[in-house]
Colleague: 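The structure under discussion is supplied below as structure tokens; questions concerning it will follow.
What you see is a predicted model, and the numbers here were worked out from it, not measured in a lab.
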Amino acid sequence: MRVFALVFLLLMSFFSIAQAAMIKVSNDLDIHYESSGQGENVILLVPGWTMSTEVYAHQLEHFKDSKDYKLIVIDPRSQGLSTHTVEGNFYEQHGRDIADFMKALDLHNVVLGGWSYGGFDILAYVHQFGTDNLKGFIMMDSVPKCLGGDDPKHSSDWYWFTSDGSDGVREHFTQGVLLRREQLNDEFARYMVDNPHPEYIKWITRISNQTGDGVAALLNESGSYQNYETDLKGMEGKVPLFYYMSQKSQRVDEWSKINTPSATIVKFGKHLSFWEYPEHFNDALDKFLTDIK
């Protein structure tokens, strides 16, 4: 176990500093990002709630020798090493931050992806700026809207939490970071993977704790009000869509069949499966990229 822990920490340390940079995108925000690959085609990935570029370590490694693609991963504002701001910690602003980041780096024809609540970041970008600068769109175990389930018989509703709060998840994550952050971090880490070994839990907790309690609570609560179904539906037939979902994600199938039938759907593992089982995700991503090339 000690050898495993040492190797784990060394790998995370190596990946976390590989090709890292900061760029000023607005008066109040410098975005930390990492990149790998030398291709002209750009993939831009956004992490989820309180997470950072570190979760994409295996994808950065995968693309490091690519001559076709350049992978860029970012820390959203108030997450990771990006500027931690008092204002702007909501998803519409995250979408504007992405647009400012693309402009600052002069990125065009981007394959844009977001994991978990990062899906709201990228959908907020589409809602405000459209799809003219996108070559592909990736939802990584994310959803087009947060609240749903008003009609239990309506199987095509794709959402995170129940609208009436009966599942307790919305309150759990909003209040949890304010009242019992250490316990919530542990539960959050265990929920995401099949093998929640101690070094992994420490790693996730360290990353999550880079975002303050108040901002974390606000990002979860404001996420509850996001509904970008119309924007995602509007990409059907215009932008290639790839939904990489956890094995237990059932609602995506019927929703996509009705609203985005052209989307590629792959299910595997749990919430953080692209990190826990990188070969599976990387192979699926490579296939998607080949199909849209």
Colleague: Can you classify the ring geometry of Y117 versus W160 as parallel (below 30°), tilted (30 to 60°) or perpendicular (above 60°)?
Modeller: tilted
Colleague: Quick one: are E54 and W203 in side-chain contact, heavy atoms under 4.5 Å?
Modeller: yes
Colleague: To the nearest 0.5 angstrom, please state how far the CD1 atom of I98 sits from the CG atom of L44.
Modeller: 6.5 Å
Colleague: Not counting sequence neighbours, which residues clear salt bridge (Lys or Arg N to Asp or Glu O under 4.0 Å) with D253? List them please.
Modeller: K267
Colleague: Atom CZ in R96, atom CG in D121: separation rounded to 0.5 Å?
Modeller: 12.0 Å
Colleague: I want to check something: taking the side chain as every heavy atom from C-beta on, are V46 and I74 in contact at a cut-off of under 4.5 Å?
Modeller: yes
Colleague: Quick one: are V252 and V143 in side-chain contact, heavy atoms under 4.5 Å?
Modeller: no
Colleague: Under 3.5 Å, is there a donor-acceptor pair between the side chain of T83 and the main chain of D30?
Modeller: yes
Colleague: Under the side chain to side chain contact (heavy atoms under 4.5 Å, CB included) rule, what do H62 and L285 come out as? Steps first, then yes or no, please.
Modeller: CA-CA 11 Å; H62 179 68; L285 176 59; 5.8 Å; no
Colleague: Hey, could you give me the OG/CE distance between S246 and M140, rounded to the nearest 0.5 Å?
Modeller: 12.0 Å
Colleague: With distance as the sole test, does S163 use its side chain to make a donor-acceptor pair with the main-chain N or O of G148 at under 3.5 Å?
Modeller: yes
Colleague: Is V215 reachable from F90 through a run of I, L, V, M, F, W or Y residues, each pair having side-chain heavy atoms under 4.5 Å apart?
Modeller: no
Colleague: According to the side-chain hydrogen bond (donor to acceptor under 3.5 Å, both in side chains) rule, which pairs have a member within residues 231-243, sequence neighbours left out?
Modeller: H127-D231, E236-S262, Y243-T260
Colleague: Quick one: which residue pairs count as a salt bridge (Lys or Arg N to Asp or Glu O under 4.0 Å) with a foot in residues 97-116, not counting sequence neighbours?
Modeller: R77-D97
Colleague: Filter on salt bridge (Lys or Arg N to Asp or Glu O under 4.0 Å), then keep only pairs touching residues 163-177, sequence neighbours left out; what's left?
Modeller: R170-E221
Colleague: Any side-chain donor-acceptor pair under 3.5 Å between S116 and H271?
Modeller: yes
Colleague: What do the steps show when you test F101 against Y33 for ring-ring contact (aromatic ring centres under 6.0 Å, His included), and what is the final call?
Modeller: CA-CA 10 Å; F101 180 80; Y33 69 98; 5.3 Å; yes
Colleague: Check whether the side chains of T205 and S208 place a donor and an acceptor atom closer than 3.5 Å, and report yes or no.
Modeller: no
Colleague: Taking atom NZ as the centre, does K257 end up with more than 12 heavy-atom neighbours from other residues, nucleotides or ligands that are less than 6.0 angstrom away?
Modeller: no
Colleague: What distance do W158 atom CH2 and S256 atom OG have between them, rounded to the nearest 0.5 Å?
Modeller: 6.5 Å
Colleague: Which distance, rounded to the nearest 0.5 Å, do you find between the CG of L105 and the CD1 of I23?
Modeller: 4.0 Å
Colleague: Are R190 and E187 close enough, and set up right, to give a salt bridge (charged side-chain N to carboxylate O under 4.0 Å, His left out), and what steps lead you there?
Modeller: CA-CA 5 Å; R190 292 177 186 279; E187 294 169 351; over 6 Å; no
Colleague: Testing the basics here: between S78 and T85, what is the closest heavy-atom pair and its distance to 0.1 Å?
Modeller: OG-N, 3.1 Å
Colleague: Quick one: are T162 and L147 in side-chain contact, heavy atoms under 4.5 Å?
Modeller: no
Colleague: Which residues pass the salt bridge (Lys or Arg N to Asp or Glu O under 4.0 Å) test with K287, sequence neighbours left out?
Modeller: D291
Colleague: Counting distance only, does the side-chain N/O of S82 pair as donor-acceptor with the main-chain N or O of D75 below 3.5 Å?
Modeller: yes
Colleague: Which pair of non-hydrogen atoms, one from N27 and one from K24, has the smallest distance, and what is that distance?
Modeller: O-NZ, 3.4 Å
Colleague: Do M245 and V266 touch side chain to side chain, with heavy atoms closer than 4.5 Å?
Modeller: no
Colleague: Report yes or no: do H94 and N89 form a side-chain donor-acceptor pair below 3.5 Å?
Modeller: no
Colleague: With a 3.5 Å distance limit and no angle check, can you tell me whether Q79 reaches the backbone of M51 through a side-chain donor-acceptor pair?
Modeller: yes
Colleague: Any side-chain heavy atom of E87 within less than 4.5 Å of one from D28?
Modeller: no
Colleague: Return the minimal non-hydrogen interatomic distance between K70 and G37, and the atom names on each side.
Modeller: CG-O, 3.7 Å
Colleague: For Q38, does the CD atom sit with more than 12 other heavy atoms under 6.0 Å from it, leaving out its own atoms?
Modeller: yes
Colleague: Please answer: with hydrophobic residues joined when any side-chain heavy atoms are less than 4.5 Å apart, are V177 and L218 in the same cluster?
Modeller: no
Colleague: Could you pull out every donor-acceptor pair under 3.5 Å between side chains of residues 130-138 and any protein atom, sequence neighbours left out?
Modeller:
| unit_1 | atom_1 | unit_2 | atom_2 | d |
| --- | --- | --- | --- | --- |
| N133 | OD1 | N109 | N | 3.0 |
| N133 | ND2 | L107 | O | 2.9 |
| K135 | NZ | N41 | OD1 | 3.1 |

Colleague: Would you mind telling me which of W115, Y244, Y200 makes a ring-ring contact (aromatic ring centres under 6.0 Å, His included) with W275?
Modeller: Y200
Colleague: Y191 and I204: same hydrophobic cluster, using ILVMFWY side-chain contacts below 4.5 Å?
Modeller: yes
Colleague: Could you walk me through whether H58 and E276 pass the side chain to side chain contact (heavy atoms under 4.5 Å, CB included) check?
Modeller: CA-CA 9 Å; H58 300 303; E276 189 173 22; over 6 Å; no
Colleague: Show, in sequence, the C-alpha distance, side-chain angles and deciding distance for Y91 and S222, and conclude whether the side chain to side chain contact (heavy atoms under 4.5 Å, CB included) test is met.
Modeller: CA-CA 8 Å; Y91 294 94; S222 64; 3.5 Å; yes
Colleague: Ignoring hydrogens and angles, tell me if any N or O in the side chain of N227 forms a donor-acceptor pair with the backbone of E229 under 3.5 Å.
Modeller: yes
Colleague: Any carboxylate oxygen within less than 4.0 angstrom of a Lys/Arg side-chain nitrogen, looking at K270 and D141?
Modeller: no
Colleague: Can a donor-acceptor pair be found, under 3.5 Å and without considering hydrogens, that links the side chain of H84 to the backbone of G80?
Modeller: yes
Colleague: Do you know which two heavy atoms are closest between T211 and A216, and how far apart they sit?
Modeller: CG2-N, 3.9 Å
Colleague: To the nearest 0.5 Å, what is the distance between CG (N220) and CD (Q175)?
Modeller: 10.5 Å
Colleague: Could you check if a side-chain atom of F173 sits within less than 4.5 angstrom of a side-chain atom of W49, using non-hydrogen atoms only?
Modeller: yes
Colleague: Using modelled atom types only, decide if a donor and an acceptor are shared between the side chain of S66 and the backbone of Y69 within a distance under 3.5 Å.
Modeller: yes
Colleague: With a 4.0 Å cut-off, would you call E61 and K64 a salt bridge?
Modeller: yes
Colleague: Can you get from L178 to L219 by hopping between Ile, Leu, Val, Met, Phe, Trp and Tyr side chains that sit under 4.5 Å apart?
Modeller: yes
Colleague: Establish, for the pair R251 and Y159, whether the NZ or CZ atom is under 6.0 angstrom from the six-membered ring centre and no further than 45 degrees off its axis.
Modeller: yes
Colleague: Do M102 and L112 come close enough that some side-chain heavy atom pair is under 4.5 Å?
Modeller: yes
Colleague: For P144 and L232, which heavy atoms make the closest approach, and how far apart are they?
Modeller: CB-CD2, 3.9 Å
Colleague: State, to 0.1 Å, how close A124 and Y228 come at their nearest heavy-atom pair, and which atoms those are.
Modeller: CB-OH, 3.4 Å
